[in-house]
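Right, one structure below, let's go through it.
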Amino acid sequence: MPELPEVEVVRRGLADHVVGRTVTAVSVGHPRAVRRHLPGAADLCGRITGRTVACAHRRGKYLWLTFADDPDEALVVHLGMSGQMLVQAAGVPREKHAHIVADLSDGSQLRFVDQRTFGGWALAPVTVVEGTAVPVPVAHIARDPLDPLFDAEAAVRAIRSKRSEIKRVLLDQTVVSGLGNIYVDESLWRAKIHGNRSAAGLSRPVVRSLLAEATAVMRDALTAGGTSFDALYVNVNGQSGYFERSLNAYGRADEPCRRCGAPMVREQFMNRSSFSCPRCQPPPRR
DNA sequence: CCCCTCTCCTGATCGC
DNA sequence: TGCGATCAGGAGAGGG
């Protein structure tokens, strides 16, 4: 389940193995993978073919490639739940869920593989938001904590302005981007905050420390190469991440809290699983 | 405008 | 052995 660290690992892989190559052909095997490109698959293939990749960008969980001939258009990639960007030799058998395959000028192929088809590719114009060029589909996404221009105090204000539970707010990509269910639970555990507490009810110092923990957990995960739970997530070369051994909250129901030893609990929240320590992270009174 | 629920999808796993 | 139910969750549409 790719969140910011995993997506950044993919971006680096694209920077190393795709930037500088020219797309010589593209084929789309599953129309759902390009559903956000409204003019359709043929249009997307036609407009990418012949172009040279200039740069690989990321904000939060969104990736985009820009091309050497036109900085005002980008290929926006979202990995969704299970998307992979694989660079393979052309002779390697096509994966079962390889929905888009782009032939590159060095003889390799860039393949978009996505079992659950929540992700996809789309071409979009680039616009400028707060001094930074981003594709239009990314314009509403907030800066992530690893962005050099991330404004932590502005993020603290944005979080505390929400009349909703803190976990819901952290998952809202328009407030702070990059966090998904796993790293939100890890951040809340590190900061000793229950996800059902009101965002507006948290003090400024508490929200500051929560943001600092979120930043730290994502940096740590990035250092370790991204989290992986199964073969659904692999980086651009097909290598799995290995950060899962370091998780303190996610997936640890009934196991002892690594801080206090109390059995961790699993609760349902927003139709998803939440993991927390009942002692370190007391739930709010209702 | 803000908040929240629902829906899309496939494969692994479990109980009967 | 087979089959239906359940679970995994990012993000946008649409409802209140």
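Quick caveat, the model's predicted, so the values are computed rather than measured. A, B, ... follow the sequence lines: proteins, then strands. Residue 1 opens every chain.
- Under the salt bridge (Lys or Arg N to Asp or Glu O under 4.0 Å) criterion, A/D72 pairs with no residue at all, not counting sequence neighbours.
- At C/dC7, none of the side-chain N or O atoms of A/S273 fall inside 4.0 Å of OP1 or OP2 (strictly under the cut-off).
- For the side chain to side chain donor-acceptor pair (under 3.5 Å) test, residues two or more places apart in sequence or in another chain that qualify with A/E73 are A/R47, A/R51.
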Interface polar pairs with nucleotides 12-16 of chain C, N/O, under 3.5 angstrom:
{"residue": "C/dG12", "atom": "OP1", "partner": "A/Y62", "partner atom": "OH", "Å": "2.4"}
{"residue": "C/dG12", "atom": "OP2", "partner": "A/H140", "partner atom": "NE2", "Å": "3.1"}

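- Between A/R266 and the phosphate of C/dC7, there is no side-chain N or O to OP1/OP2 separation shorter than 4.0 Å.
- In plain terms, the two heavy atoms of A/E213 and A/R190 that are nearest each other are OE1-CD, 3.3 Å.
- Every residue meeting the salt bridge (Lys or Arg N to Asp or Glu O under 4.0 Å) condition with A/E153, not counting sequence neighbours, appears here in chain and number order: A/R208.
- Taking a 4.5 Å side-chain heavy-atom cut-off between Ile, Leu, Val, Met, Phe, Trp and Tyr, the cluster of A/V92 contains only that residue.
- End-to-end axis angle for the helix from B/dC2-C/dG16 to B/dC16-C/dG2, using five pairs per end and rounding to 10°, comes out at 50°.
- Partners of A/R197 by side chain to side chain donor-acceptor pair (under 3.5 Å), not counting sequence neighbours: none found.
- Here the closest non-hydrogen pair linking A/S276 and A/E267 is OG-OE1, 3.8 Å.
- Residue A/M270 contributes atom CE, which lies 11 Å from atom P of C/dA11 at whole-angstrom precision.
- For A/Y250, the listed nucleotide lying nearest its side chain is C/dA8; candidates were C/dA8, C/dA11, B/dT5.
- Of the candidate nucleotides B/dT5, C/dA11, C/dG10, C/dG10 has the atom lying nearest to any side-chain atom of A/E3.
- Counting only residues at least two apart or on different chains, the ring-ring contact (aromatic ring centres under 6.0 Å, His included) pairs with a member in residues 262-283 of chain A are A/Y250-A/F275.
- Between A/S164 and B/dC4 there is a side-chain N or O to OP1 or OP2 distance below 4.0 Å.
- In this structure, the CD1 atom of A/I159 is 13 Å from the P atom of B/dC3, given to the nearest Å.
- Protein atom CZ of A/R59 is 19 Å distant from nucleotide atom P of C/dG10, rounded to whole Å.
- Among the atoms of the strands shown, only primed sugar atoms or phosphate atoms (P, OP1, OP2) are found under 4.0 Å from some heavy atom of A/R163.
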Under 4.0 Å protein heavy-atom contact, by nucleotide of nucleotides 8-14 of chain B - B base, S sugar-phosphate only
BBBS---
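- At least one side-chain nitrogen or oxygen of A/K162 sits closer than 4.0 Å to the OP1 or OP2 atom of B/dC3.
- Counting Ile, Leu, Val, Met, Phe, Trp and Tyr side chains that sit under 4.5 Å apart, directly or through other members, A/I141 shares a hydrophobic cluster with A/Y62, A/W64, A/V76, A/V129, A/V134, A/V138.
- Every residue two or more places apart in sequence or in another chain was checked for a side chain to side chain donor-acceptor pair (under 3.5 Å) with A/T49, and none qualifies.
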Less than 3.5 Å apart, which donor and acceptor atoms pair up between the side chains of residues 23-33 of chain A and the rest of the protein, not counting sequence neighbours?
{"residue": "A/T24", "atom": "OG1", "partner": "A/D103", "partner atom": "O", "Å": "3.2"}
{"residue": "A/H30", "atom": "ND1", "partner": "A/R32", "partner atom": "N", "Å": "3.1"}
{"residue": "A/R32", "atom": "NE", "partner": "A/T117", "partner atom": "O", "Å": "3.0"}
{"residue": "A/R32", "atom": "NE", "partner": "A/T117", "partner atom": "OG1", "Å": "2.8"}
{"residue": "A/R32", "atom": "NH2", "partner": "A/T117", "partner atom": "O", "Å": "3.1"}

